[in-house]
Amino acid sequence: MSVSKAAPETQEPYPLSTLRHSVAHLMASAVGKLFPGVQYGFGPSIEHGFYYDFDLPEPLTDKDLKRIEKEMRRIARQSPEIKREDVSREAARERLLGWGQEYKLEALDGIPEDEAISFYGHADWADLCEGPHIDSLDRPFHFKLLNIAGAYWRGDEKRPMMQRIYGTAFWTESELAEHLEWLKEVKLRDHRRIGTDLDLYSTHEEAGAGFIFWHPSLGIVRHEIENFWWEEHIRRGYEPVYTPHVLREELFEKSGHLEHYAEMMYAPMTIDGMPYRVKPMNCPGHILMYGSRGRSYRELPLRWAELGTVYRYERSGALHGMLRVRGFTQDDSHIFCTPEQLADEIAGVLELTDFILKTFGYEYTAYLATKPAEKFIGDDDIWERATAALREAADKVGMPLELDAGGGAFYGPKIDFKQKDALGREWQNSTVQCDFNLPERFDMTYTDRDGTQKRPIMVHRAILGSFERFVGGLIEHYGGKFPLWCAPSQVAVIPIREQHAEYCGKLARELKADLFRVRNMDEPGHMNKKIKQAQHDQIPFMLIAGDRERDEGTVTIRRRATREQEVVPFGEFLELIRSLRETRSLTLERNAGAARGT
RNA sequence: GCUGCUGUAGCUCAGUGGUAGAGCACUUCCUUGGUAAGGAAGAGGUCAUGGGUUCGAGCCCCAUCAGCAGCUCCA
């Protein structure tokens with residue numbers, strides 16, 4: 001997941017990235033002062049700040065960050081001027097040798113022959129660097145060092161692990177404060193925190209890492225999403241299929257998974273003396289079904305959909321809450337079609353993806369990923385035709401495409417979606433991929449109009465990606481405040497006094513009869529406490545009723561996250577939430593149908 | 001997997017080698033309250049697990065498991 005929060009880009013005369021790179025230098029010089037003998041790696045500016053990599057004998061701690069910040073301020077005050085020095089390659093080498101900077105020497109060797117070599121520095125410190133930098137550290141700016149982490153030299157896991165310090169910098173104090181506030185909000189919305197707080201899911205040491213247990217409250221969220229998903233798929237001519245989880249190893253040899261994907265697959269188990277594997281993907285199963293009898297052009301396209309649970313080995317350090325797990329359910333589908341049908345089929349997928357993502361309130365960008373430069377199968381002609389079909393499909397539904405040149409899979413071009421959540425962070429879940437490989441490997445055919453056997457094209461597509469990742473992302477996107485249609489509890493009914501429990505019970509029964517999920521809070525205890533509880537649990541609506549409401553047949557509505565009260569006849573409330581549910585409204589306001597996708 | 005850090009009650013956390021703590025949540029009783037925490041009492045922990053050091057370990061050491069920040073890799 002990457003992040004693309006709107007950030008101020010420039011401040012005359014320097015862009016923010018230049019400032020951040022200079023602050024990275026300032027940090028490096030401070031680290032050099034405090035830890036003599038440090039070896040420097042790279043220290044670029046990044047999307048929301050900067051980092052610098054160091055090789056130090058001692059591990060850094062959070063306490064060191066404060067010391068380093070202090071030293072940075074001292075240095076900036078004392079010798080603010082940043083100087084550039086152009087040197088010959090030989091002089092640079094001698095200088096770096098003199099300083100004993102081995103990583104920098106390697107970096108120097110990586111600079112092309114025809115490029116100039118320069119150092120940037122301040123005070124008695126300098127760094128091999130092409131710049132640019134701000135001219136002086138006494139310009140007004142504000143920074144903060146954020147965290148320490150390990151990072152491989154040059155991102156290569158076979159090379160030494162260095163210590164990386166992340167920080168951020170802005171021209172103004174208010175921008176820095178705003179960014180820190182945003183980081184706080186990110187932390188507050190963390191699905192792992194909300195997941196525990198709202199009793200949504202758990203993982204268990206006893207069960208092993210990377211396996212998600214969906215509690216009832218999140219179970220109903222998923223159930224609603226599944227219903228929605230199936231409804232829209234069946235509407236569009238998809239057919240549900242179900243395939244087994246454990247299959248003979250031979251099948252994965254034939255599909256090529258064992259060859260290309262073995263390190264992601266769990267070890268074989270022996271059944272009747274034969275090796276079997278837990279499936280890491282659903283496609284081989286669907287292909288078997290396709291091949292169960294002869295196929296005619298008349299029955300194409302076939303759109304087979306399965307919420308298929310797969311298991312993949314992920315390295316322990318890669319696991320992350322619900323977002324990166326070892327067992328997950330894909331909203332998978334395979335479309336088998338003729339080359340002529342391809343563009344229409346893709347268009348249908350794009351339209352459906354657009355509809356589903358917008359229902360959840362996601363903006364998105366679609367990327368066309370074309371033929372990789374090196375490893376690929378299939379001849380140029382079929383790649384060109386498939387890529388053209390993807391373009392044509394996007395055109396047909398009026399979807400703009402960004403280009404991801406060479407980003408296709410080895411088996412075909414694809415369109416990937418990056419969806420943007422409420423905090424401006426981007427997630428990649430949805431994908432549509434053309435596949436020329438598997439139809440070939442499994443010798444899939446259909447009989448065409450002229451009686452000849454032809455090869456179908458196979459399209460893999462997932463829109464949510466996996467329920468685990470998608471719902472984990474949704475928790476953060478909504479901050480636990482699910483829209484009414486999929487909220488775990490939809491209405492809390494709160495009597496003002498115990499004697500109003502009867503009226504409240506009647507309201508609750510009527511809502512339940514209409515299949516609303518109701519929390520009837522008729523247990524003894526104070527109303528205020530129940531309001532607080534319902535608020536904490538992010539229940540969209542509270543219905544509060546006392547003498548007045550009972551006598552008039554009304555309810556007092558209170559929406560989550562607001563203190564405003566509204567008294568309406570119960571029938572009117574029922575109508576409101578029916579309409580919110582039907583339109584899968586993202587808000588809790590009347591006429592919210594119009595608010596779809598905003 | 002790698003580097004660093006962490007693991008004490010359901011949750012958030014205090015506890016620097018000598019009798020396991022707090023707040024919230026939970027249970028019971030009292031409280032009958034008009035829009036975000038009424039009061040009292042109670043229950044709840046082999047201090048992740050297994051070894052070691054020590055007269056004595058939640059605390060020190062080692063291993064394992066799980067988690068966190070990243071790197072690498074991905075739906």
Side-chain angles (χ1 to χ4, degrees), chain A residues 1 41 51 53-56 58-62 64 146-166 187 190 192-193 196-199 202-210 261 263-264 280-282 308-310 312-332 416 427-431 460 462-473 494-501 524-536 542-549 556-558 560-567:
Chain A
M1 179 186 65
Y51 68 78
D53 289 341
F54 307 102
D55 192 351
L56 282 165
E58 289 296 303
L60 292 164
T61 67
D62 286 343
D64 294 320
L146 296 171
N147 52 352
I148 303 161
Y152 298 110
W153 166 236
R154 303 209 133 168
D156 183 345
E157 62 182 318
K158 294 187 186 68
R159 314 216 49 189
M161 178 69 76
M162 306 184 77
Q163 300 190 64
R164 174 172 298 179
I165 301 179
Y166 285 94
K187 218 172 159 185
D190 192 308
R192 294 165 298 181
R193 191 191 74 79
T196 304
D197 199 31
L198 297 187
D199 190 17
S202 54
T203 56
H204 299 270
E205 199 174 324
E206 300 93 313
Y261 214 72
E263 72 281 2
M264 298 293 286
M281 290 186 179
N282 303 303
T309 304
V310 298
R312 299 181 187 172
Y313 174 72
E314 292 285 353
R315 304 208 281 181
S316 59
L319 299 173
H320 184 90
M322 299 182 79
L323 303 181
R324 192 77 182 272
V325 295
R326 286 176 174 164
F328 53 95
T329 302
Q330 296 180 305
D331 67 318
D332 211 354
D416 285 333
W427 310 66
Q428 210 253 284
N429 290 309
S430 320
T431 182
H460 309 253
I463 294 174
L464 309 178
S466 81
F467 276 87
E468 283 72 9
R469 182 173 286 182
F470 188 82
V471 173
I494 301 173
I496 286 171
R497 271 176 300 156
E498 223 165 89
Q499 69 204 63
H500 305 124
H526 286 222
M527 173 187 65
N528 281 352
K529 203 167 175 180
K530 293 175 184 175
I531 290 172
K532 182 174 169 57
Q533 185 65 44
Q535 202 74 270
H536 168 269
M542 279 178 248
L543 293 189
I544 296 166
D547 287 339
R548 230 167 35 229
E549 290 81 358
T556 296
I557 303 172
R558 182 172 160 157
R560 79 181 153 210
T562 109
R563 309 175 74 129
E564 280 165 40
Q565 299 166 43
E566 189 183 348
V567 182

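A quick note: this is a predicted structure, and the numbers were derived from the prediction, not measured. Below, chain A is the first sequence line, B the second, and so on; all start at residue 1.
Nucleotide B:C68 forms a pair with B:G4, judged by Watson-Crick or G-U wobble geometry with both contacts under 3.5 Å. Across every strand in view, B:G56 sits unpaired, with no contact that passes the Watson-Crick or G-U test at under 3.5 angstrom. Judged by Watson-Crick or G-U wobble contacts below 3.5 Å, the nucleotide B:A75 has no partner. B:U49 and B:A63 make up a base pair, with Watson-Crick or G-U wobble contacts both under 3.5 Å. When Watson-Crick and G-U wobble pairs are counted only if both distances are under 3.5 Å, B:A40 pairs with B:U28. The partner of B:G17 is absent, by the rule that a Watson-Crick or G-U pair needs both atom distances under 3.5 Å. Pairing of B:A9, defined by two Watson-Crick or G-U wobble distances under 3.5 Å, is not identified with any nucleotide.
Look at A:H320 and you'll find a side-chain N or O under 4.0 angstrom from OP1 or OP2 of B:A69. For the pair A:R548 and B:G34, the criterion of a side-chain N or O lying under 4.0 Å from OP1 or OP2 is not met. At the phosphate of B:C68, OP1 or OP2 sits under 4.0 Å from a side-chain N or O atom of A:R192. Within the structure, every side-chain polar atom (N or O) of A:R326 is placed at least 4.0 Å from both OP1 and OP2 of B:A75.
Applying the salt bridge (charged side-chain N to carboxylate O under 4.0 Å, His left out) rule to A:R548 yields no partners; only residues at least two apart in sequence or on another chain are considered. A:R560 pairs by the salt bridge (charged side-chain N to carboxylate O under 4.0 Å, His left out) definition with nothing, not counting sequence neighbours. Residues that satisfy the salt bridge (charged side-chain N to carboxylate O under 4.0 Å, His left out) test with A:E549, not counting sequence neighbours, are absent from this structure. Annotation: ring-ring contact (aromatic ring centres under 6.0 Å, His included) contacts of A:H536 (sequence neighbours excluded): none.
For the P atom pair drawn from B:G7 and B:A75, the interatomic distance equals 35 Å after rounding to whole Å. B:G50 and B:G58 have their P atoms separated by 13 Å, given to the nearest Å. When the P atom is used for both B:G44 and B:G51, the distance is 27 Å, rounded to whole Å. Taking atom C1' in both B:G56 and B:G42, one finds a spacing of 33 Å when rounded to whole Å. Using C1' as the reference atom, B:C65 and B:U54 are 26 Å apart when rounded to the nearest Å. When the P atom is compared between B:A63 and B:G21, the two are found 32 Å apart, to the nearest whole Å. Taking atom P in both B:G70 and B:U64, the straight-line distance is 25 Å, to the nearest Å. Distance check on atom C1': B:A22 versus B:A14 gives 7 Å, rounded to whole Å.
The side chain of A:R315 lies closest to B:G1 when the candidates are B:G34, B:G1, B:C74. Comparing B:U32, B:A75, B:U35 by their nearest atom to the side chain of A:I544 picks out B:U35. Side chain of A:E549, nearest nucleotide from B:G34, B:G67, B:U72: B:G34. Considering only side-chain atoms of A:R469, the nucleotide from B:U32, B:C74, B:G34 that sits closest is B:C74. For A:A209, the side-chain atoms get nearest to B:G67 when compared with the rest of B:C74, B:U35, B:G67. If you check B:G67, B:G70, B:C74 against the side chain of A:N147, the one that comes closest is B:G70.
Under 4.0 Å is where a charged nitrogen must lie from a carboxylate oxygen, and between A:R326 and A:E468 no such pair does. The residues A:E314 and A:R324 are annotated as salt-bridged, a charged nitrogen and a carboxylate oxygen being separated by less than 4.0 angstrom. For A:D190 and A:R192, the salt-bridge test passes: some basic side-chain N is under 4.0 Å from an acidic carboxylate O.
Distance check: A:E564 CD to A:I557 CD1 gives 12.0 Å after rounding to the nearest 0.5 Å. The CD1 atom of A:I165 lies 13.0 Å from the OH atom of A:Y51; values are rounded to the nearest 0.5 Å. Note that the CZ atom of A:F467 and the OG1 atom of A:T329 stand 7.5 Å from one another [nearest 0.5 Å].
Distance alone, capped at 3.5 Å, places no donor-acceptor pair between the A:E498 side chain and the A:H500 backbone. For the pair A:Q163 (side chain) and A:A151 (backbone), a donor-acceptor distance under 3.5 Å is absent.
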Report task. Using a 4.0 Å heavy-atom cut-off, write out nucleotides 37-45 of chain B from 5' to 3' as B (base contacted by protein), S (sugar-phosphate only) or - (no contact). Result -> BB-------
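One can place CZ of A:R193 at 17 Å from C1' of B:G67, the figure rounded to the nearest angstrom.
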Please list, pair by pair, any protein nitrogen or oxygen found under 3.5 Å from a nitrogen or oxygen in nucleotides 2-8 of chain B.
| unit_1 | atom_1 | unit_2 | atom_2 | d |
| --- | --- | --- | --- | --- |
| B:C2 | O2 | A:Y152 | OH | 3.3 |
| B:U3 | O2 | A:G150 | N | 3.4 |

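The base of B:A36 does not come close enough to the side chain of A:R560 for any donor and acceptor atom to sit less than 3.5 Å apart. Between the base of B:A66 and the side chain of A:E206 there is no donor-acceptor pair shorter than 3.5 Å.
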